[in-house]
Amino acid sequence: MSFKKDFAWGAATAAYQIEGAYNEDGKGQSVWDIFAHTEGKIKFGHTGDVACDHYHRYKEDVKLLKDLGIKAYRFSISWPRIFPNGVGEVNEKGVEFYSNLIDELIKNGITPYITLFHWDYPYELYKKGGWLNPDCVKWFADYAAKVVELYSDRVEYFITFNEPQTFIGTGHFLGEHAPGLKMSIKEALQVCHNVLKSHGAAVIAMRKAAKRDIKIGYAPSSWNAAFPHTETPEDIEAARKFTFATNPDGYCLFDLAWWSDPVVLGHYPEDGLEIYRDYLPEITDEDMKLICQPIDFYGQNFYDGADIKADENGNPVKMPRKVGFTKTAIGWGIMPKIMRWSTRFLYERYKLPIFITENGMSAHDGISLDGKVHDPNRIDFLNRYLIELEKATDDGADVAGYFVWSFLDNYEWAEGYNDRFGIVYVDYETQQRIPKDSAYWYKNWIEEHSK
């Protein structure tokens, strides 16, 4: 079966991680601007003030995308660059930047994919309660509608949220990401419900605002990505159960089904409703109808995963990692089999075309004596994961595209510039871009799989 002829071979980035120009041309502040400037929050005190200076270097970056044979580019819009206060007056300079970027991509034969929210929430709205304020539903829907009104004449693909598990679970529950809150599980579940309602309201508003037919998706992550220890029916079923199970002790905020079942199936997972019955917000039938708006594709970010075996009762057991297990520079396990099995499980459950919206690794990259950046570990990682993704398509999953994370080395949130995920090396002092060996490997992979 292999990959489709029109498969989207892409690369992904996020606004705060690459743009810089954090206070230029009328942009408002985001919670990440505030958090990164707060002492002790980010490794080495790094900020995204300049990052990769993509705001000023986007033409150079688009040319590089073209030279590397990348067919699709997933980027995010900085909400406060469009609406400095989150709502109200539109910042025309911000509108112009993204318009110019889109035009440059199209001119170079690259399909733009817009992510509406990749974590840089407007600080002015945060001061009004952020995702805990019921008005957040309308705030996000109005923002989403404006972006679609502005760009849907040229852009077909839009994604509402990137990894709600992370910006809520890590940012509002664990306190490790912006805005750095450690909410009670009751408050965090209310925020989760509000975000899901915001997604649904945005889908409705986007379709009304669109200047042509558009395709709308959603891009969660998961701490539950899994593969079976053996390919027996028992282990496969156990891995499937694990993938969609609800974790106790507040960790449902990081789960796959908790965030995806409401969007696609129209209800929260039953096990989660039972586990968290004493902490749930009011959930009405109208809420669930709002959340469960038809979407056109399902995005999934894949990195680490779990090796799952069935016990004597068929329940999933997470197998211990081998001593000295292979891991990335950031310490995440390398589990390529999740690409086959979790993708297959997702397609079986949600029956939507799937885009792998992020996949990649942090490696110990540096410029060698020959002036190049050799990253054989990343090449091996990508090769292994993509081979498994191809197996998912052979299993019958409708996989529509793949976006390597990331196009550029960038600001890795609370890790600052400590970790390099890019297929292109960035010297942060000079802003020089150097395609790594993996970039050329990926170019060859795309060429071979686009015939």
Side-chain angles (χ1 to χ4, degrees), residues 1-14 18 58 61-76 101-102 104-115 118 154-159 162 215 217 219 296-303 336 338-340 342-344 346-347 352-361 375 378-395 397-410 421-425 433 435-451:
M1 184 175 177
S2 198
F3 297 107
K4 300 176 177 180
K5 286 289 185 186
D6 61 350
F7 194 89
W9 291 108
T13 62
I18 68 165
Y58 72 91
D61 290 337
V62 171
K63 182 181 184 301
L64 192 48
L65 284 165
K66 181 184 180 181
D67 291 345
L68 294 174
I70 290 168
K71 310 292 187 185
Y73 179 52
R74 178 184 170 227
F75 63 96
S76 76
L101 173 60
I102 291 163
E104 197 71 16
L105 289 165
I106 293 169
K107 186 171 74 175
N108 284 277
I110 300 164
T111 304
Y113 285 67
I114 286 178
T115 303
H118 201 134
R154 289 158 288 162
V155 178
E156 182 179 5
Y157 294 92
F158 294 86
I159 294 165
N162 180 80
K215 290 184 172 63
D296 302 291
F297 63 91
Y298 182 93
Q300 185 69 40
N301 296 352
F302 279 130
Y303 293 98
I338 63 170
M339 283 286 266
R340 176 188 180 187
S342 286
T343 301
R344 174 174 153 178
L346 286 168
Y347 185 67
L352 286 168
I354 293 172
F355 285 84
I356 306 306
T357 36
E358 288 184 22
N359 173 242
M361 70 170 286
D375 56 343
R378 183 175 288 105
I379 291 171
D380 186 67
F381 176 101
L382 295 176
N383 199 9
R384 289 175 184 272
Y385 275 74
L386 285 170
I387 286 170
E388 294 296 327
L389 184 61
E390 192 163 18
K391 290 179 184 176
T393 69
D394 293 339
D395 290 343
D398 182 0
V399 185
Y402 172 89
F403 293 85
V404 66
W405 185 270
S406 175
F407 168 45
L408 301 171
D409 287 339
N410 55 42
F421 277 83
I423 57 171
V424 174
Y425 183 92
R433 274 77 161 135
K436 303 175 188 176
D437 288 354
S438 60
Y440 298 114
W441 178 90
Y442 188 44
K443 179 181 181 179
N444 289 335
W445 174 281
I446 293 171
E447 287 173 356
E448 289 176 10
H449 290 82
S450 300
K451 293 175 182 175

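Below, each value reflects all heavy atoms present in this structure, side chains not excepted, and no hydrogens, waters or symmetry copies. We're numbering straight along the sequence, starting at 1.
With rounding to the nearest 0.5 Å, the separation of CG in Asp398 from OH in Tyr347 is 5.0 Å. With rounding to the nearest 0.5 angstrom, the CZ atom of Phe158 is 10.5 Å from the OG1 atom of Thr115. Atom NZ of Lys71 and atom NZ of Lys66 lie 10.5 Å apart (nearest 0.5 Å). Note that CG of Leu346 and CD1 of Ile354 are 5.0 Å apart. Values are rounded to the nearest 0.5 Å. Taken from NZ in Lys215 to CG in Asp296, the straight-line distance is 6.5 Å, to the nearest 0.5 Å. Rounding to the nearest 0.5 Å places CE of Met339 at 4.5 Å from CD1 of Ile356.
Smallest separation of non-hydrogen atoms from Leu386 and Trp9: CD2-CZ3, 3.8 Å. Across all non-hydrogen atoms, the minimal contact from Leu105 to Pro112 is CD1-CB, 3.9 Å. The minimum heavy-atom distance between Lys436 and Gly422, with the atom names listed, is NZ-O, 2.7 Å. Among all heavy-atom pairs drawn from Asn410 and Ile18, the shortest one is CB-CG2, 3.7 Å. The shortest non-hydrogen separation linking Leu64 to Pro435 is CD1-CG, 3.7 Å. Shown here for Thr13 and Ser406, the closest heavy-atom pair between the two residues is CG2-OG, 3.9 Å.
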Practice problem: Report the C-alpha distance between Trp441 and Ile423 in whole Å, list the side-chain angles of each, state the deciding distance to 0.1 Å, and finish with yes or no for side chain to side chain contact (heavy atoms under 4.5 Å, CB included). | Solution: CA-CA 10 Å; Trp441 178 90; Ile423 57 171; over 6 Å; no
Quiz prompt | Criterion side chain to side chain contact (heavy atoms under 4.5 Å, CB included) on Leu68 and Tyr442, from CA distance to verdict | solution = CA-CA 8 Å; Leu68 294 174; Tyr442 188 44; over 6 Å; no
Self-check item: Residues Ile102, Ile114; criterion side chain to side chain contact (heavy atoms under 4.5 Å, CB included); working and verdict
Solution: CA-CA 10 Å; Ile102 291 163; Ile114 286 178; 4.1 Å; yes
Practice problem: Give the intermediate values and the outcome of side chain to side chain contact (heavy atoms under 4.5 Å, CB included) for residues Asn108 and Leu65. | Solution: CA-CA 9 Å; Asn108 284 277; Leu65 284 165; over 6 Å; no
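In this structure, the side chain of Arg433 does not engage the main chain of Asp61 through any donor-acceptor pair within 3.5 Å. Although no hydrogens or angles enter the test, the distance criterion places a donor-acceptor pair under 3.5 Å between the side chain of Asp375 and the main chain of Ser438.
Residues Thr111 and Tyr73 have side chains not in contact (no heavy-atom distance under 4.5 Å, counting atoms from C-beta outward). Counting only heavy atoms from C-beta outward, the side chains of Glu388 and Phe302 never approach each other to under 4.5 Å. Side-chain contact between Tyr58 and Glu104 is present, with at least one heavy-atom pair separated by less than 4.5 Å. Within the 4.5 Å cutoff, side-chain heavy atoms of Asn301 are placed close to those of Asn162. By the 4.5 Å heavy-atom criterion applied to side chains, Ile387 and Pro336 are not counted as neighbours.
When ring centroids are compared, Trp405 and Tyr303 stay outside the 6.0 Å threshold.
Residue pairs meeting the salt bridge (charged side-chain N to carboxylate O under 4.0 Å, His left out) criterion with at least one member in residues 442-451, sequence neighbours excluded, do not occur.
For Tyr113, the ring pair (Phe, Tyr, Trp, His ring centres under 6.0 Å) partners are Tyr157, Phe355, Phe403, not counting sequence neighbours. In this view, Gln300 and Tyr298 satisfy the side-chain hydrogen bond (donor to acceptor under 3.5 Å, both in side chains) rule, not counting sequence neighbours.
When each of Leu382, Ile379, Asn383 is paired with Trp445, the side-chain contact (heavy atoms from CB on, under 4.5 Å) condition holds for Asn383 and for no other.
Ring-plane geometry between Tyr385 and Phe381 is classed as parallel, the angle between the planes falling under 30 degrees on a 0 to 90 degree scale with a further cut at 60.
Here Asp395 does not pair with Lys391 in a salt bridge; the nearest charged N to carboxylate O distance is not below 4.0 Å. Salt-bridge annotation for Asp437 and Arg378: absent, with no side-chain N of the basic residue lying under 4.0 Å from a carboxylate O of the acidic one.
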